[in-house]
**Student:** 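I have a structure I would like to understand better, so I am pasting it below and will then ask my questions one at a time.
Only heavy atoms go into these numbers, but all of them, side chains included; no hydrogens, no water, no symmetry mates.
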Amino acid sequence: MKYKVYWLLISIILVASCKRSGEIEIESDSTETTEEIVAELYGFDMNEFIAIEDTIKSGDNLGKIFGNYNLNATDVHNIVSKVKDTINVRNIKAGQPYTLFKYKKQPDKLAAFVYHPNISGYQVIDLRDSITAYTKTYPVTIKRRTVSSTIDGSLSASLAKQGVDQSLATRMSQIFAWSIDFFKLQPEDRFAVTIEEKYINDTVYVGISKVDAAYFNYRGKDLYSFPYQRPGSKGTDYFDEEGRPMKSMFLKAPLKFFRITSKYTKRRFHPVQKTWKAHNGTDYAAPSGTPIMSTASGVVEKTGYTAGNGNYVKVRHNGTYSTQYLHMSKILVKQGQYVDQGQTIGLVGSTGLATGPHVCYRFWKNGVQVDPLSQVLPNSEPMDKKDIPAFKAHIEPLKKELDQVINEKK
């Protein structure tokens with residue numbers, strides 16, 4: 001598919017009919033009334049050159065490619081030396097397309113080499129008068145639109161039916177991760193999202209460049225989210241229509257995909273010890289090796305192994321909250337290390353007293369173990385009150401745009 005996209009771009013650039021059988025050449029009837037056809041490909045006059053299209057094969061290098069055109073090892077070395085500040089020929093990868101230009105009057109002489117490192121542009125090694133190299137980037141067009149729909153199967157499937165790149169499902173799940181359980185979406189749930197999409201040469205779709213605004217009606221509740229960079233902030237965060245941060249201090253769970261097998265309780269029959277005792281954690285079952293995430297940012301307070309807990313990590317988040325993750329197959333952090341929210345700190349296993357692969361997630365508040373599922377947890381740092389007016393002025397047209405599409409779909 002990617003290969004086809006490259007040649008679609010090439011066909012857009014080529015502005016005249018061409019004969020192709022590995023080579024592109026301009027032909028015309030030799031009559032007195034026929035005007036000369038002027039066609040260009042990558043800036044090369046196709047009345048003067050023949051273009052040969054190919055892809056880099058495994059084991060190919062510049063010496064092997066150029067060797068077919070009377071260029072020896074010394075010639076190739078000189079070319080590589082002169083273009084190294086612009087093009088690193090060692091980065092040429094198998095599967096990427098390239099085009100060779102040779103002279104019509106001297107078919108054995110190479111005029112240029114054009115390489116596509118990606119779909120956004122190309123690199124040229126020009127051998128005509130002197131050895132030069134340069135990079136060209138295709139013009140990019142940004143198109144903006146708002147889509148809205150009810151849930152039909154899943155968020156990803158619903159977006160696909162709206163003709164939207166399904167990668168947007170991941171973005172939206174990250175935006176609303178602290179307020180929506182995406183495993184429990186219902187057909188009556190609705191969403192709308194305003195996005196900016198990139199196109200090369202106004203034709204070839206590249207992907208979503210930006211989410212301007214998002215909305216969910218989840219279990220009857222309206223949820224808005226807008227990206228906004230607060231004054232003095234290094235990055236962009238998401239806020240609701242009142243300027244409250246969408247991001248909670250804690251993730252809902254330490255795993256992305258999981259099944260709760262045992263909740264926090266003061267009385268549970270232990271499957272290994274065969275006795276009734278308190279279970280001061282929540283068990284999340286998942287395949288061995290599944291990444292375990294720190295549910296909030298903080299400092300690794302302790303790592304180690306005990307007969308009951310197996311491999312474990314404990315993270316202190318602030319003076320109030322700490323969390324612990326048990327039964328890991330592998331620990332990936334060290335004591336004293338700072339970890340970000342969502343950072344992988346270990347892998348699911350069944351070390352210690354465990355009947356199968358899972359992570360036992362334990363939660364402390366003011367030094368006392370509590371049930372994390374019953375806690376009303378704090379949001380991230382709130383927006384400064386003096387910034388609220390500017391924020392609301394910024395989102396007003398975005399919200400109006402969303403609401404218009406939402407109301408049309410009702």
Side-chain angles (χ1 to χ4, degrees), residues 140-199 202 205-231 233 235-248 251-252 376-410:
V140 175
T141 303
I142 302 295
K143 298 182 181 182
R144 195 165 178 276
R145 63 171 170 148
T146 299
V147 296
S148 178
S149 174
T150 55
I151 294 297
D152 187 358
S154 67
L155 177 59
S156 180
S158 303
L159 287 167
K161 290 173 183 177
Q162 296 295 314
V164 182
D165 189 335
Q166 294 180 57
S167 66
L168 181 59
T170 301
R171 291 203 192 190
M172 291 189 70
S173 66
Q174 292 169 343
I175 293 169
F176 291 101
W178 293 267
S179 49
I180 294 176
D181 185 344
F182 282 87
F183 294 98
K184 296 182 179 179
L185 291 177
Q186 301 296 320
E188 61 269 20
D189 296 329
R190 293 183 291 116
F191 70 88
V193 59
T194 301
I195 56 175
E196 294 183 359
E197 298 171 295
K198 291 195 297 186
Y199 291 81
D202 202 38
Y205 180 75
V206 178
I208 297 168
S209 61
K210 185 181 177 184
V211 175
D212 281 335
Y215 162 86
F216 248 98
N217 181 272
Y218 177 65
R219 297 185 177 180
K221 184 178 179 181
D222 289 329
L223 302 170
Y224 288 89
S225 183
F226 303 92
Y228 189 72
Q229 184 170 357
R230 290 177 285 188
S233 175
T236 298
D237 294 309
Y238 283 87
F239 301 86
D240 69 11
E241 70 273 29
E242 298 300 327
R244 294 182 292 254
M246 298 293 295
K247 186 177 181 180
S248 172
L251 296 174
K252 286 183 176 293
V376 178
L377 298 171
N379 282 347
S380 296
E381 183 182 352
M383 185 180 296
D384 196 309
K385 290 183 178 179
K386 66 182 177 60
D387 296 328
I388 296 292
F391 168 75
K392 287 197 172 184
H394 169 74
I395 71 166
E396 183 179 2
L398 297 172
K399 185 174 183 298
K400 186 179 294 185
E401 186 176 18
L402 272 181
D403 288 341
Q404 183 178 347
V405 175
I406 293 166
N407 291 331
E408 288 174 354
K409 292 286 186 177
K410 284 184 177 179

**Student:** Between side-chain atoms of residues 220-227 and protein atoms elsewhere (two or more places apart, or another chain), which donor-acceptor pairs fall under 3.5 Å?
**Tutor:**
unit_1 : atom_1 : unit_2 : atom_2 : d
Asp222 : OD1    : Tyr215 : OH     : 2.6
Asp222 : OD1    : Asn217 : ND2    : 2.8
Tyr224 : OH     : Asp403 : OD1    : 2.5

**Student:** Side chains of Arg144 and Ile195, heavy atoms from C-beta outward: is any pair under 4.5 Å?
**Tutor:** no
**Student:** How long is the straight-line distance from CZ of Phe239 back to CZ of Arg244, given to the nearest 0.5 Å?
**Tutor:**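 Reported value, rounded in 0.5 Å steps: 12.0 Å.
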**Student:** Mind listing the closest non-hydrogen atom pair of Ala214 and Met172 along with its distance?
**Tutor:** CB-CE, 4.5 Å
**Student:** Say whether, by atom type as modelled, one donor and one acceptor occur between the side chain of Ser148 and the main chain of Phe191 under 3.5 angstrom.
**Tutor:**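 Yes.
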**Student:** Out of curiosity, Glu197 CD to Arg145 CZ, how far, rounded to the nearest 0.5 Å?
**Tutor:** 4.0 Å
**Student:** Test: ring pair (Phe, Tyr, Trp, His ring centres under 6.0 Å). Region: residues 147-166. Which pairs qualify, not counting sequence neighbours?
**Tutor:**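 Residue pairs with at least one partner in residues 147-166: there are none.
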**Student:** For Gly243 and Ile388, work out which heavy atoms get closest and say how close.
**Tutor:** CA-CD1, 4.1 Å
**Student:** What verdict does the side chain to side chain contact (heavy atoms under 4.5 Å, CB included) test give for Phe216 and Ile175, after you've listed the backbone C-alpha separation in whole Å, the side-chain angles of each residue and the deciding distance to 0.1 Å?
**Tutor:** CA-CA 11 Å; Phe216 248 98; Ile175 293 169; over 6 Å; no
**Student:** When you check the gap from the basic side-chain N to the acidic O, do Asp237 and Lys247 get nearer than 4.0 Å?
**Tutor:**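 Looking at Lys247 together with Asp237, the answer is no, because their closest N to O distance does not fall below 4.0 Å.
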**Student:** If the condition is side-chain hydrogen bond (donor to acceptor under 3.5 Å, both in side chains), which residues does Thr146 pass it with, not counting sequence neighbours?
**Tutor:** Thr194
**Student:** What closest approach, in Å, do Ala157 and Ser154 show between heavy atoms, and which atom pair accounts for it?
**Tutor:** N-OG, 3.1 Å
**Student:** Please check if the side chain of Arg171 supplies one atom and the backbone of Ile208 the other of a donor-acceptor pair under 3.5 Å.
**Tutor:** yes
**Student:** Where do Tyr228 and Asp387 come nearest, in terms of heavy atoms and distance?
**Tutor:**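 Where Tyr228 meets Asp387 most closely, the heavy atoms are OH-O, 4.4 Å.
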**Student:** Using a 4.5 Å cut-off on heavy atoms from C-beta on, say whether the side chain of Ile406 contacts that of Arg190.
**Tutor:**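 In contact.
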**Student:** To the nearest 0.5 angstrom, please state how far the CG atom of Leu159 sits from the CG atom of Leu168.
**Tutor:** 5.0 Å
**Student:** With sequence neighbours left out, write down each residue that passes side-chain hydrogen bond (donor to acceptor under 3.5 Å, both in side chains) with Glu241, or none if nothing qualifies.
**Tutor:** none
**Student:** Is the count of non-hydrogen atoms from other residues, nucleotides or ligands lying under 6.0 Å from Glu396 atom CD greater than 12?
**Tutor:**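 No, not enclosed.
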**Student:** Could I get the full list of side-chain hydrogen bond (donor to acceptor under 3.5 Å, both in side chains) partners for Glu242, not counting sequence neighbours?
**Tutor:** Lys392
**Student:** Would you indicate whether the side-chain heavy atoms of Asp240 and Met246 approach each other to under 4.5 Å?
**Tutor:** yes
**Student:** May I ask you to check whether over 12 heavy atoms, not counting those of Lys210, lie within 6.0 Å of atom NZ?
**Tutor:**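 No, not enclosed.
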**Student:** Is it true that a side-chain atom of Asp189 and a backbone atom of Arg219 form a donor plus acceptor pair closer than 3.5 Å?
**Tutor:**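 The answer is yes, because a donor-acceptor pair under 3.5 Å joins these two groups.
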**Student:** According to salt bridge (charged side-chain N to carboxylate O under 4.0 Å, His left out), does anything in residues 149-160 pair up with another residue at least two apart or in another chain? List the pairs.
**Tutor:** Asp152-Lys161
**Student:** Can you measure from CG (Leu155) to OG (Ser173) and round to the nearest 0.5 angstrom?
**Tutor:**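 The distance works out to 7.5 Å.
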**Student:** Return the minimal non-hydrogen interatomic distance between Val405 and Val147, and the atom names on each side.
**Tutor:** CG1-C, 4.5 Å
**Student:** In sequence, state the C-alpha distance, the side-chain angles, and the governing distance for Thr141 and Lys198, and then conclude on side chain to side chain contact (heavy atoms under 4.5 Å, CB included).
**Tutor:** CA-CA 6 Å; Thr141 303; Lys198 291 195 297 186; over 6 Å; no
**Student:** Working to the nearest 0.5 Å, report the span between OH of Tyr218 and CD1 of Ile151.
**Tutor:** 10.5 Å
